Number of protein chains: 2
Amino acid sequence: MRPREFDHDDVLRVAFDQFWRKGVRGTSLSDIARDAGVQRGSLYNAFGSKEALFLQAYERYAADYLLVLQKALGAGSLRKRLSAFFDLTITNFRSGSPPRGCPTTRGLMELGPAEGDGLDEEARQAFASLISRITALVQDTLSAGAERGEFSGSPAAAALHIIPVTRGLAVLERAFGDEAQLRKIASHTIDLVLGKGTR
Amino acid sequence: MRPREFDHDDVLRVAFDQFWRKGVRGTSLSDIARDAGVQRGSLYNAFGSKEALFLQAYERYAADYLLVLQKALGAGSLRKRLSAFFDLTITNFRSGSPPRGCPTTRGLMELGPAEGDGLDEEARQAFASLISRITALVQDTLSAGAERGEFSGSPAAAALHIIPVTRGLAVLERAFGDEAQLRKIASHTIDLVLGKGTR
DNA sequence: AGGGTATTTGACACGACGTCAAGAATGTGT
DNA sequence: ACACATTCTTGACGTCGTGTCAAATACCCT
């Protein structure tokens, strides 16, 4: 066996950085190869295809991101936890300059189920999986809050409400790029869920 | 002058149908040309570029969609109007088989601000414009409801809350394809905004 | 009828994805 | 120590998509 001349994880990191900044369709394997100091053909040999490379890079990101979220949601009052959740969400897709947006949301729209290529069903599942896990995390947080008397509604219903808001924030970020607006919506949503509504 | 051999609007309709089903990046001008019975070069001559063609087709869609929305939001109690709004939203991106999703959300992620090409700022503006107009429409609906005593909160704040939810629904539609879930979230959001929260 | 003008048409350049065969470098068995 | 098998690397190739250009074409107008 001939050994690899590059580090598998390094390539994954370089690749995801590009995918995040320029989108999957907007990033060519030549770009990644140049940036990683690897020949394009080696990428095909090691990962199989552009989509497979993206998926591996994305799974890495998703696992890391979940850990960060989990840590941030583990302390403080329920309000503080929800606040931290939204803050992390917004900070995540306002990172970089220009802001890189939400890779999950963007990926879903770029690679999700398409007519013809039945291939990207696997991609859809990867994105859906991260969203599901985040939903579960938020729901657990709400449940814990309910047990401590900080919340008196249905954790499942509330989580099912919070998640689409965060997905919507990702869309609005890209449409308007107005971080203050995002934070306003986030804080308003927390108020609504916790019971200090628009009334 | 030599007259056009095809109908400008026909091409726009055919093009948007393809863009909607397969995404902008996933639709080639050859596809559109074949489907419209036009030579590819003629499209470049008439519209300039793929993105310009998409933008014209999208503006047509946006104008039509706004009219439909406006009509649907014009009658009934506030609750009925909001319900009609969400229903139309969901029905819109559950249309077709497989469901075509939300062209605005997908377009934003496919064509929004990207590193390098400063060109698609125009596209971003088109998407943002539709979202803004829908926001204004919802806000007006809430204001009218407030005057009639059906709502006692801030129309601006409530609209700013409802819109990201609809954007989030577009994302979840693509991630899970579960229409029942979307409708559940919608009805829950109405309850929250109108004051029957999770409490 | 004829000239000007815009449209059509096909060829071309370029870049991207993906495949393939041939070359190169290492571990392994004798 | 040497040869072999196995994997990685490298460059060439095919295909498809975007966009440009010049030549051919068909119509309107005078």
Side-chain angles (χ1 to χ4, degrees), chain A residues 1-12 14-58 107 110-112 114-120 122-123, chain B residues 1-12 14-58 106-107 110-111 114-120 122-123:
Chain A
M1 300 230 306
R2 176 173 176 176
R4 282 247 162 83
E5 292 183 0
F6 59 89
D7 185 81
H8 200 266
D9 281 18
D10 279 354
V11 170
L12 248 43
V14 168
F16 193 72
D17 177 64
Q18 302 242 356
F19 284 139
W20 198 353
R21 281 189 291 119
K22 306 185 293 185
V24 178
R25 298 301 246 292
T27 302
S28 75
L29 285 198
S30 310
D31 291 343
I32 295 171
R34 186 175 352 93
D35 229 59
V38 175
Q39 208 75 15
R40 202 170 57 90
S42 296
L43 295 180
Y44 280 100
N45 176 57
F47 300 98
S49 73
K50 184 178 174 179
E51 184 168 323
L53 168 57
F54 170 76
L55 278 181
Q56 281 196 40
Y58 178 77
E110 273 187 311
L111 298 183
E115 183 143 315
D117 329 327
L119 267 301
D120 24 35
E122 200 179 350
Chain B
M1 302 231 305
R2 174 174 178 177
R4 282 246 161 84
E5 293 183 0
F6 60 89
D7 185 79
H8 201 265
D9 281 19
D10 280 353
V11 170
L12 247 43
V14 168
F16 194 72
D17 176 64
Q18 302 242 357
F19 284 139
W20 198 353
R21 282 189 291 118
K22 304 186 294 185
V24 179
R25 297 299 243 296
T27 302
S28 76
L29 284 198
S30 311
D31 290 344
I32 296 171
R34 185 177 353 94
D35 229 59
V38 176
Q39 209 74 14
R40 202 169 57 90
S42 296
L43 295 180
Y44 279 99
N45 175 57
F47 300 97
S49 73
K50 183 179 173 178
E51 183 167 322
L53 168 57
F54 170 75
L55 278 180
Q56 282 196 40
Y58 179 77
R106 187 169 185 180
E110 273 188 311
L111 298 182
E115 183 142 315
D117 330 325
L119 268 300
D120 25 33
E122 200 179 348

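Computed from a predicted structure; not experimentally measured. Throughout, a chain's letter reflects where its sequence line sits, starting with A, and its residues are numbered from 1.
- Atom-to-atom, CG of A/L29 to P of C/dC17 comes out at 5 Å; the value is rounded to the nearest Å.
- Residue B/Y44 contributes atom OH, which lies 18 Å from atom C1' of D/dA22 at whole-angstrom precision.
- Residue B/R4 places at least one side-chain N or O under 4.0 Å from the OP1 or OP2 atom of C/dT7.
- In this structure, B/G48 and A/A46 both approach DNA chain D, and ranking their closest nucleotides by distance from the 5' end singles out A/A46.
- Proximity of A/Q39 to the phosphate of D/dT9: no side-chain N or O atom is located under 4.0 Å from OP1 or OP2.
- The nearest whole Å value for the distance from the CE atom in B/M1 to the P atom in C/dT8 is 11 Å.
- Taking atom NZ on A/K50 and atom P on C/dG15, their separation rounds to 16 Å, with Å as the unit.
- Per the geometry, CZ belonging to B/R25 stands 17 Å off P belonging to C/dG15, to the nearest Å.
- When heavy atoms are screened at a 4.0 angstrom cut-off, B/F47 is found touching no nucleic acid atom at all.
- In this structure, B/D31 and B/G41 both approach DNA chain D, and ranking their closest nucleotides by distance from the 5' end singles out B/D31.
- Looking only at side-chain heavy atoms (C-beta outward), B/V38 and B/V14 stay at 4.5 Å or farther from each other.
- Contact check for A/F54 versus A/T27: no side-chain heavy atoms found under the 4.5 Å cut-off.
- For a distance-only test at 3.5 Å, the side chain of B/R2 qualifies as a donor-acceptor partner of the base of D/dT25.
- Below the 3.5 angstrom threshold, one finds no donor paired with an acceptor across the side chain of B/R40 and the base of D/dG17.
- Looking only at side-chain heavy atoms (C-beta outward), A/F47 and A/H8 come within less than 4.5 Å of each other.
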What's the verdict on side chain to side chain donor-acceptor pair (under 3.5 Å) for A/N45 and A/S42, showing C-alpha distance, side-chain angles and the deciding distance? CA-CA 5 Å; A/N45 176 57; A/S42 296; over 6 Å; no
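- Protein atom CD of B/E5 is 6 Å distant from nucleotide atom P of C/dT9, rounded to whole Å.
- A pairwise comparison of heavy atoms in B/F19 and B/V24 identifies CD2-CA, 3.7 Å as the closest pair.
- Here the P atom of nucleotide D/dA22 and the CG atom of B/N45 are 15 Å apart, to the nearest Å.
- When rounded to the nearest whole Å, the span between CG of A/D7 and P of D/dC8 equals 14 Å.
- OP1 or OP2 of C/dT8 lies within a sub-4.0 Å distance of a side-chain N or O belonging to B/S42.
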